[in-house]
Chemist: 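There's a structure below that I have some questions on.
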Amino acid sequence: MAKLQQQAEASPPLRTRPLAASLILLIGIGAIALGIGLSIAVGVADITLGTVWDALVRFDGGNNHHQIIQSLRLPRALAGALVGAAFAVSGALIQGMTRNPIADTGLLGVNAGAGFAVVLVFAFIPWLPFAYIIMFSFIGAGLGVALVYGIAYFSRGGMTPLKLVLAGAVVGSLVSGLSQAISLLFQINYDLAFWSAGGISTADWFQVSVMLPWIVAGLTCALILSRSVTILSLGEDVAAGLGQRTKLVKGLGAAIVMVLTGASVATVGGVGFIGLIVPHIVRYLVGVDYRWIIPCSAVLGAVLVLLADIGAKMIAVPYETPLGSIIAVLGVPFFLYLARRERREL
Amino acid sequence: MGNEGMTARRAGRSVRIVVLLGIILLVGFVVSLNTGRYSIGPLEVWQTLLGAGSRKQAIVLFDLRLPRMLIGVMIGAGLAISGAVLQGISRNGLSDPGILGINAGAGMAVLLFVSFYPATSMAPPFLMPFLALIGAAMSAVLIYTLSYKRGAGITPTRLLLTGIAVGAGLSAVSVILTLQLNPRNYEFVVTWQMGSLWGSNWKFVLALLPWILVLLPYVYWKSRIMNILSTNEQIAAGLGVAINRERLWLLAAAVGLAASSVATGGGIGFIGLLGPHIARRMVGPQHQYMLPVAAMVGALLVLTGDTIGRSIMEYTEVPAGVVISLLGGPYFIYLLMRVRT
């Protein structure tokens, strides 16, 4: 069996560029560090990079800027990097497992489901600690994606990318209708608008400490699973022929997506299009092997969100521009390009 | 011979259904006039309409409820016909001005206006539909160009995907704009975006009326051409229909209906899907029968959605658009599962 697997991996000319991938990982990690530094420096209170460095290595409790950095900006930057990695890897996993190029947690109802679960918690059990809100968010993410795939799967003529996107859009608008009705009922309107558009500005140490283990665990599992995802991305028949238990791999992949997306949405709200943009760029750069796509997506996803968050702070000073909207504006041209291509190459 | 008999039967059936829907619409209208925080009985409504009611009753009826309901009826009809036209010319049962991103374009134009003219009450109602039309037309042109591919023309799939993408982009920009408004304008815009008919007054009625009065009859007049267009492009060309020109005019009419409705009613989705689909189930796909029924179903849906939204809670209103999307979403899912795309 191992021999067969080797043959299958060797025979089709799978385009991979390990060198490029290593380079991306290296530069990307440097860019994350720089991005975190910049993201901490940029804001309403002007802080230099030197002060940022000082605050991190020689923290001085009496210094006002050090206080701002430690209590507000650092957790925000970390949250940005983490959710960026999480959304990007979720997108890569869904694309690889379903061989659907137009897949993203925002488009396929995962964000909507998780967000709705959080809204329900806000409305009915507002005293619930964040550590438990995140659990509801996982469940919501799972239900959202199950609903969207269920609709597309059981429809006449079978699942197509178009049907998935339409089902995702309608589930999204249903959920936003319900959320609006609930927020009117419970008068949590204004808070919710900011949260649902990407409320990264409220991320604090406590939230980061709660979501960190989940996201790290999710990313690690995604890396472990990446080899199987590559095989699955060749087609379900091929994967089954190679002796893969495809249902198991898909189930594990779905669970990882649920955790990564659920944790991210509970912290910063539903930010879409990261999972669409990043894996496509990565695939273009490093080829089709998910052992490289997944780590590179994580790194570039983190960089993307850090940069977008800097933009969010700079576009309309002193107001915050929602992160989700900025990334959507970047993501739409991508979506259009993919819709035009209508070709499968995963 | 048999064919003629069937046509006659179908025509008779559609007349009966239109009459029936008219009665239901009338009843719905009266019920909606009665309901609200200040309830007025049917008899009192009648008396007030004749000028014999109390002053308070007259104000509630004439200044608050009547214009609001008239607007509801008009945008319901307008959006339903807009959807029917889009479905006909794109030969895709899932087309709708909301899903195709046309409403988002109209909404953004209005939003831009509101953010540059801070005093919302000063925005002249007659100008709003024109602004919305510019936005809607621009997004329609954008979607059309982006989904056009040399050699392949426009496929329904690409049109829908492009529409969803453009709609998402425009909504994202709208969110950015919305959050930079001051809190008072913010509340106004958000309620308007959700499709609340809450701010309606007679000025809005008068601003919308000409659009409906011109465009609905125009589309109806073209119903035979739409029958041909929606069957097959080659047949249509063979029958001597100037396909591209007719399609362009009909598209312009659909965009105009959607834009004027969005400008006065805000973001009410799914009517363009629900109206025509329910109408087709009742009287079949022939546009001359289907269009009037679709318009009435659309009107009835908005009226019902608004009445439910107004009466469901004691201290606040749920916008009609929210109620309708909660009813329309599941129906869309049902359609999605049945239609082959």
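All chains are named by letter (A, B, ...) in the order of the sequence lines, taking the proteins before the strands, and each is independently numbered beginning at 1.
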Chemist: Does CE in Met337(B) sit with more than 12 non-hydrogen atoms of other residues, nucleotides or ligands closer than 6.0 Å?
Modeler: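 Yes, CE of Met337(B) has more than 12 neighbouring heavy atoms, counting only those of other groups under 6.0 Å.
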Chemist: So which part of Phe273(A) gets closer than 4.5 Å to some heavy atom of chain B, the side chain, the backbone, both or neither?
Modeler: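 Contact with chain B involves the side chain of Phe273(A) alone.
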Chemist: Closest approach of Leu174(A) and Ser325(B), non-hydrogen atoms and distance?
Modeler: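 In this case the closest contact between Leu174(A) and Ser325(B) is CD2-O, 3.5 Å.
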Chemist: With only heavy atoms counted, which part of Ile99(B) is less than 4.5 Å from chain A, the side chain, the backbone, both or neither?
Modeler: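 For Ile99(B), side-chain heavy atoms alone lie under 4.5 Å from chain A.
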Chemist: If I measure from the heavy atoms of chain B, does Ile102(A) come under 4.5 Å with its side chain, its backbone, both, or neither?
Modeler: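 The side chain, not the backbone.
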Chemist: I need the residue from Thr162(B), Ile333(B), Val173(B) with the largest number of non-hydrogen atom pairs under 4.5 Å to chain A.
Modeler: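 Ranked by contacts with chain A, first place is Ile333(B).
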Chemist: What distance separates Leu338(A) CG from Leu161(B) CG, expressed to the nearest 0.5 Å?
Modeler: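 Nearest 0.5 Å value for the CG-CG distance: 9.5 Å.
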Chemist: For the residue pair Leu336(B) and Lys163(A), what are the closest heavy atoms and their distance?
Modeler: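 In terms of heavy atoms, the two residues are closest at CD2-O, 3.9 Å.
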Chemist: If you count heavy atoms of other groups shown closer than 6.0 angstrom to CZ of Phe136(A), is the number above 12?
Modeler: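 Open: at most 12 neighbouring heavy atoms sit under 6.0 Å from CZ of Phe136(A).
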Chemist: Side chain, backbone, both or neither: which part of Leu146(B) has an atom under 4.5 Å from a heavy atom of chain A?
Modeler: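 Interface part for Leu146(B): both.
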Chemist: Would you name the heavy atoms of Val332(A) and Ala168(B) that are closest together and state the gap between them?
Modeler: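 Residues Val332(A) and Ala168(B), closest heavy atoms: CG2-C, 4.1 Å.
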Chemist: Provide the closest heavy-atom pair for Ala181(A) versus Val318(B) in the form atom of the first, atom of the second, distance.
Modeler: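 Answer, listing the atom of Ala181(A) first, then Val318(B): CB-CG1, 4.4 Å.
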Chemist: What part of Phe270(B) gets within 4.5 angstrom of chain A, counting heavy atoms only: side chain, backbone, both, or neither?
Modeler: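 For Phe270(B), the contact with chain A is made by the side chain alone.
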Chemist: Heavy atoms only: give me the nearest Ile164(B)-Leu166(A) pair and the separation to one decimal.
Modeler: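 So the minimum-distance heavy-atom pair works out to CD1-CD2, 3.6 Å.
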Chemist: What pair of heavy atoms forms the shortest contact from Val322(B) to Gly177(A), and how long is it?
Modeler: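 That would be CG1-O, 3.2 Å.
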